[in-house]
Amino acid sequence: MKIYNTLTRKKEKFKAIHPGQITMYVCGPTVYNYIHIGNARSVIAFDTIRRYFEYKGYKVKYVSNFTDVDDKMINEARAEGTTVPKLADRFIKAYLEDTNALNVEKATLHPRATHEIKSIITFIQKLIDKGYAYEVDGDVYYRAKKFAHYGELSDQNIAQLEEGASKHINDEEQQRKEDPIDFALWKAQKEPDEIAWESPWGKGRPGWHIECSVMSTKYLGDTIDIHGGGQDLEFPHHENEIAQSEAATGKKFVNYWMHNGFVTVGKDQEKMSKSLHNFVTVHDILKRVDPQVLRFFMASVQYRRQINYSEENLKQAEIILNRFKNTLTSIDYRLADDTESAASAELKQAVQETQKHFEAAMDDDFNVQNALTAIYDVLPVVNANANLSKVDKGELKHFKELLNSWLSIFGIDTKKLTAKVTSPDNEKINTLIKMRDEARKNKNWAASDQIRDRLKRMGITIQDTPQGTRWTRDEN
RNA sequence: GGCGGUGUAGCCAAGUGGUAAGGCAGAGGUCUGCAAAACCUUAAUCGUCGGUUCGAGUCCGACCCCCGCCUCCA
């Protein structure tokens, strides 16, 4: 299995620290708003990766944090006249609802920065003791240049970083810092009503980057297998995490750094982001789009590539899901009917090949496009087989199980896809179909078509096959 | 300016140097009473220019377009 490592800018053979187990940390959102499609992309990308590891038999420890205190949180809470913790609670709840709707597996742990203040203070103190950090009037800064590997992840050189940073910070900050690229580990309280905790350096709150170093090492260990996040976190966030963690522990922080590509929008394909105000929240879009369609759309692009968010592309995802649905439905009908089973070497071999191709593609840095292609290639074979008067029922069943597990890597629940929800009108549907079959027998096409139209209005599509009339619900 | 990514048919997109996978849409056909679904057939010389090579989308050079990071952002 190969994974592209941002640190080395190469695909590397994946080797877990502990065989059969994987430790994964994924940077989560700042919870001052609903998550948008771009945030969801990251969540979905790493959920898909996690699910594939699990498919391969790994046990995955998956930690994803909530940043529940920072300037944006403080400002938003003020604007709404609420407190930072209340604001956080509200949007953490919304996050869990949204990601649950997108069928994202629950993290092993969702630590919150504000619940880790003690550990954060201890960690910062360690950095001060080791000479990697210094305090100035209640603020604590990290001495970036002291860390020899600073800039390696994002491939930036120190001089240029200094030049860039000096343009962005004000004189007052410039004077406090030893160097413009030094970054805050601890920020002193500025207003009396501002949320703050006691510390050896006075009242204040943690800086942004420190929480991830603390939570990752605390819950997953000094060195972990995989650390993920959006490409925009490469610098400075992840660069700083490496500096903090490796300075504190003296060990390698992360073996494989993985960064997902952005969601872009519009004909200019601009990055979707909160600051550009071109975002769509998951909360809103799910009011009109089937969560499975959104999930499949986002999961079907390889995690490093950009996703161009558009109605047309969303529509395409829906059509493909429908093909899966049709195939699975026709398999279900064939498995349930009383026709004889007949072994098919052709089908068996095609299914075997598909599995091989699917896994080879996923093993290659999660190349989901090629993995899906493997499935698209076998669908015509399966569909054609499912139309035969005698089918290989054992092999069809086997394929169905495989397809279920493959699609579940993409976050698709095939049960939901094909559910013939038991509802009060099931009996009515079957009665109508019987009536129609009767009409067809008598070649009473007008009556037959009338019943079909009526069923269509109920959201039921019917298909006539040699094995009898089938029906599916249009919406799941 | 520095770093990184990207440019393949209307759209999505795969492509270890050897005569361009696949999907969607479109067109034609088979099946069907008609449909639906399914199945079959069907399209591009790969941003531009030059180089290396028997041979390049695939390597080298130059250039152009777009996107991102370098400041909060998945």
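Each chain gets a letter, A, B and so on, in the order its sequence line appears, and its residues count up from 1.
Of the possible polar contacts, one joining the A/Ser341 side chain to the A/Val391 backbone as a donor-acceptor pair under 3.5 Å is found. Between the side chain of A/Asn370 and the main chain of A/Phe358, no donor-acceptor pair closer than 3.5 Å is present.
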Counting primed atoms, P, OP1 and OP2 as sugar-phosphate and everything else as base, the B/S/- map of nucleotides 66-71 of chain B against protein heavy atoms under 4.0 Å is -SSSSB
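The stretch residues 92-113 of chain A does not touch RNA chain B, since none of its heavy atoms comes less than 4.0 Å from the strand.
A distance of 4.5 Å separates CD1 of A/Ile181 from CD1 of A/Ile158, quoted to the nearest 0.5 Å. The CD1 atom of A/Ile331 sits 12.5 Å away from the NZ atom of A/Lys393 when rounded to the nearest 0.5 Å.
Scanning both residues, A/Ala188 and A/Asp139, for their nearest heavy atoms gives N-OD1, 2.7 Å.
Applying the 3.5 Å distance criterion, the base of B/C39 shares no donor-acceptor pair with the side chain of A/Asn385. If you check distances only, the side chain of A/Asp449 does reach the base of B/G33 with a donor-acceptor pair under 3.5 Å. Between the base of B/G4 and the side chain of A/Ser154 there is no donor-acceptor pair shorter than 3.5 Å.
Rounded to a whole Å, the CG atom of A/Asp365 is 12 Å from the P atom of B/A14. Put simply, CG on A/Asn367 is 14 Å from C1' on B/C12, counting in whole angstrom units. Rounded to whole Å, atom C1' of B/A37 lies 15 Å from atom CD1 of A/Ile460. Rounding to whole angstrom units, CG of residue A/Asp377 and P of B/C39 are separated by 12 Å.
Residue-level contact check: A/Thr329 touches neither bases nor backbone, having no heavy atom under 4.0 Å from any strand. Contacts of A/Val263 with the nucleic acid, taken as non-hydrogen atoms under 4.0 Å apart, include base atoms.
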